[in-house]
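Report on the structure given below.
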Amino acid sequence: MATAKHTIVALVEDKPGVLAHMASLFRRRGFNIDSIAVGGSELPNLSRMTIVVDGTAIMVEQVRKQLDKVIDVVKVSDITGDDMIARELALIKVKANSSTRSEIIQIVDIFRANIVDVASDSVTIEATGDDEKITSLLHLLRGFGVKEIARTGSIAMTRGNQGALKIVEKISNVRVKRQK
Amino acid sequence: MKMTGGQIICESLIKEGVEVIFGFPGGAVIPLYDTLLQYPQLRHILVRHEQAAAHAADGYARVTGKVGVCFATSGPGATNLVTGIANAYLDSVPMVAITGQVSRPFIGKDAFQEIDITGITLPITKHNYLVLDPGSLANTIKEAFHIARTGRPGPVLIDVPKDVQEVQADFKYPTKLNLMGYEPTVKGHPAQIKKASKLINEAKRPLIIAGRGVIVSQAYTELKRLAEVAQIPIITTLLGISSFPESHVLNYGWLGMHGMAYANMAVEAADLIIAIGMRFDDRATAKVSAFAPHARVVHIDIDPAEIGKNIRVDVPIVGDVKVVLNILNEQINTIEHMDWIRQLNEWREEHPLLQIRDFDGILPQYIISKIHEVTNGEATIVTGVGQHQMWAAQHYLYDKPNTFVTSGGLGTMGFGLPAAIGAKVGRAKNDIWCIDGDGSFQMTIQELATIAQEKLAIKIAIMHNGYLGMVRQWQDLFYDKRYVATPLSTPDFVKISEAYGISAIRVSHKEDVIPAIERAMNEDGPFLIDFMIEPEENVYPMVPPGGALSEILEEPKNEVEVWLRQSTR
């Protein structure tokens, strides 16, 4: 069966071991995690994870169900098929001298990226965008000599009210119940 | 009220209704054990190896339906629990394991007897905790018991550093839980139940496959009602044995690799499978692509991750078996399926299981059927893993609910004796028979000392064939009889047993089988019988590995064996 990239978002309790547990569920089935990004969410004590993996739809759905069983995982969705926004941040350090610097600046402008540090022999570029944009920017910059790359991996959210709301609804239900 | 961590643990266990703890002390749990002295209502049973503590808690939990509890120290104590915890995880047994850990300042420094047991048990527990704040102990224990016993039951481990057991904290047992990410679905979806009832009402050849979920949910009467009202034959899984009386007219045995031929044939022919509290394990389904080729599938299970995992499901119902069946039963019509039943009865007559052939030596099947006779079918049978396990499953007739205790998912050799300890502690008034093999028995033989110390009247029957029999059977059938590492030299089990203070006899002649079983029943205390069985007896029927249920082999005929060897090359 054909594999494809899947974007999974999860709200998890801010507790030790959650990340290891989730990663182990992928590892056990031989999945390679493309990227995983963890940070805060709109709710206190809950972190939001975005995991990008390559796998068949059936296997990914099985892992999603297993992730959902982890006690500290509050909600997990595969938003691959949804209308979504995915972004990542990259820092790219490129060799630059007086003759190449202006050309690099032009490329950076076209990609609506920023130069965040300039040294005598290099510039560091900050770029945000989806995977495709970052990859094409990198492709253009390689010619100048890339010294260092750091990428955050994708963070994602569905557009409008769909998807993300489901998560909030569930949380607020639980919250309301607890207050009773 | 201020209390030490150890006292908080004991108080919390009492609040959770715990009466028995199986355990083994060590350096990092001495403070906890010290407080046990103040709580005589908590009975502690000292095992001889921590693996047995976990298996005993497992056996106790299975027969009582309560959460089994075990204690162990840090490091090797904790790692010795691992097999027992994994066993409970795979068979959905509620358990709370409490392990000592090195004091907080030493954690992460490779201190003496320090091991990352929460890391090790991450994939084999439903949840686990390392308690760093003594103030959170009570809350943690409440959560642990709730998680262990609700939803799909499972083991939870709590790792408590030694200094957390010693320092004082405020104790007030919480009344509320704070588990945002845990809310098992108990009620099935009404629309799905409606769809299921429609399929059931229209089916011509419906078949129920009942699993351990029926026992966990204690849905015996609900299952019986569904079967009787809609006249649906029932087969069970291995772990579903004793979820429905085996002498009931609608019971057609159990399916799978060593299940009854007619049960497997029923799966093959059914036009509707109603799977209840089971998970389509590969030993039950055999070749998945050939499983129930003509059937639609209704799957009722509390764990959504089991739905559609191995088998394509037409109507999934996530919920507690008892709750779902209660609603489903209201929508079921009184139906007759006489043609279907007649067909199954025919198959059962043509392919009987209980054909114990005339034989001068002692056949294990004969022993088991005689244990059934002498115990009136009222004993609880606990087994190890191997050939004896299959014979015990096949040839004892289980009519009483929840009377078969076996390691299904993990297939843990050595499970029998310690699990029998737990079963006897949980069911003191019942007859507990541990049916074991000479290989399986030797893996936890040290527990004879626990049985003697606690004066537990467990009856032990060893099917002694001098082989690691199940592996030998595979070598016999699929590896040209190359018996590598399966011939087994055994100690004199009678002398061993007597040395532990447990009476025992050896049975080498067929005519001594029944008197030996009767003698065991008449003994007040524990008793061991070393049955010298036919050494190369194989378990039949058998679905060859990789085969479909329909390819089941019934008789150990030479021509069949020849065909088998050729077809598997």
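The sequence lines fix the lettering, A, B, ..., with proteins before strands; numbering per chain opens at 1. Every heavy atom of this structure was used, including side-chain atoms; hydrogens, water molecules and symmetry mates were not.
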Handout entry: Rounded distance [0.5 Å steps], CG in B:Leu179 versus CD1 in A:Ile71
Key = 7.0 Å
Practice task
Count the heavy atoms belonging to other residues, nucleotides or ligands that lie under 6.0 Å from CZ of A:Phe111, then report whether that count exceeds 12.
Solution key: yes
Practice task
Return yes when atom NE2 of B:His189 has more than 12 non-hydrogen atoms of other residues, nucleotides or ligands closer than 6.0 Å, and no otherwise.
Solution key: no
Practice task
Show your working on side-chain contact (heavy atoms from CB on, under 4.5 Å) between A:Leu11 and B:Met180 and close with a plain yes or no.
Solution key: CA-CA 11 Å; A:Leu11 273 182; B:Met180 226 189 296; over 6 Å; no
Problem - Exceeds 12 heavy-atom contacts within 6.0 angstrom, atom NZ of A:Lys15 - result: yes
Problem - Heavy atoms from other residues, nucleotides or ligands near CD of A:Glu103 exceed 12 (cutoff 6.0 Å) - result: no
Exercise for the section: Take atom CG of B:Asp110 as the centre, draw a 6.0 Å sphere, and report whether it contains more than 12 heavy atoms from other residues, nucleotides or ligands. Expected result: no
Practice task
Decide if atom CZ of B:Arg296 counts as having more than 12 heavy atoms of other residues, nucleotides or ligands within a radius under 6.0 Å.
Solution key: no
Practice task
Tell me, for A:Val12 versus chain B, whether the close heavy atoms (under 4.5 Å) come from the side chain, the backbone, both or neither.
Solution key: neither
Practice task
Answer yes or no: does atom CZ of A:Arg112 have more than 12 heavy-atom neighbours from other residues, nucleotides or ligands under 6.0 Å?
Solution key: no
Handout entry: A:Lys133, NZ: over 12 other non-hydrogen atoms inside 6.0 angstrom
Key = yes
Completion exercise
Against chain A, residues from residues 113-137 of chain B with at least one heavy atom under 4.5 Å, in numeric order, are B:Leu122, B:Lys126, B:His127
Handout entry: Best-contacting candidate, B:Gly308, B:Pro184, B:Pro304, B:Gly151, against chain A by heavy atom pairs under 4.5 angstrom
Key = B:Pro304
Problem - Residues of residues 54-67 of chain A within contact distance of chain B, non-hydrogen under 4.5 Å - result: A:Gln62, A:Lys65, A:Gln66
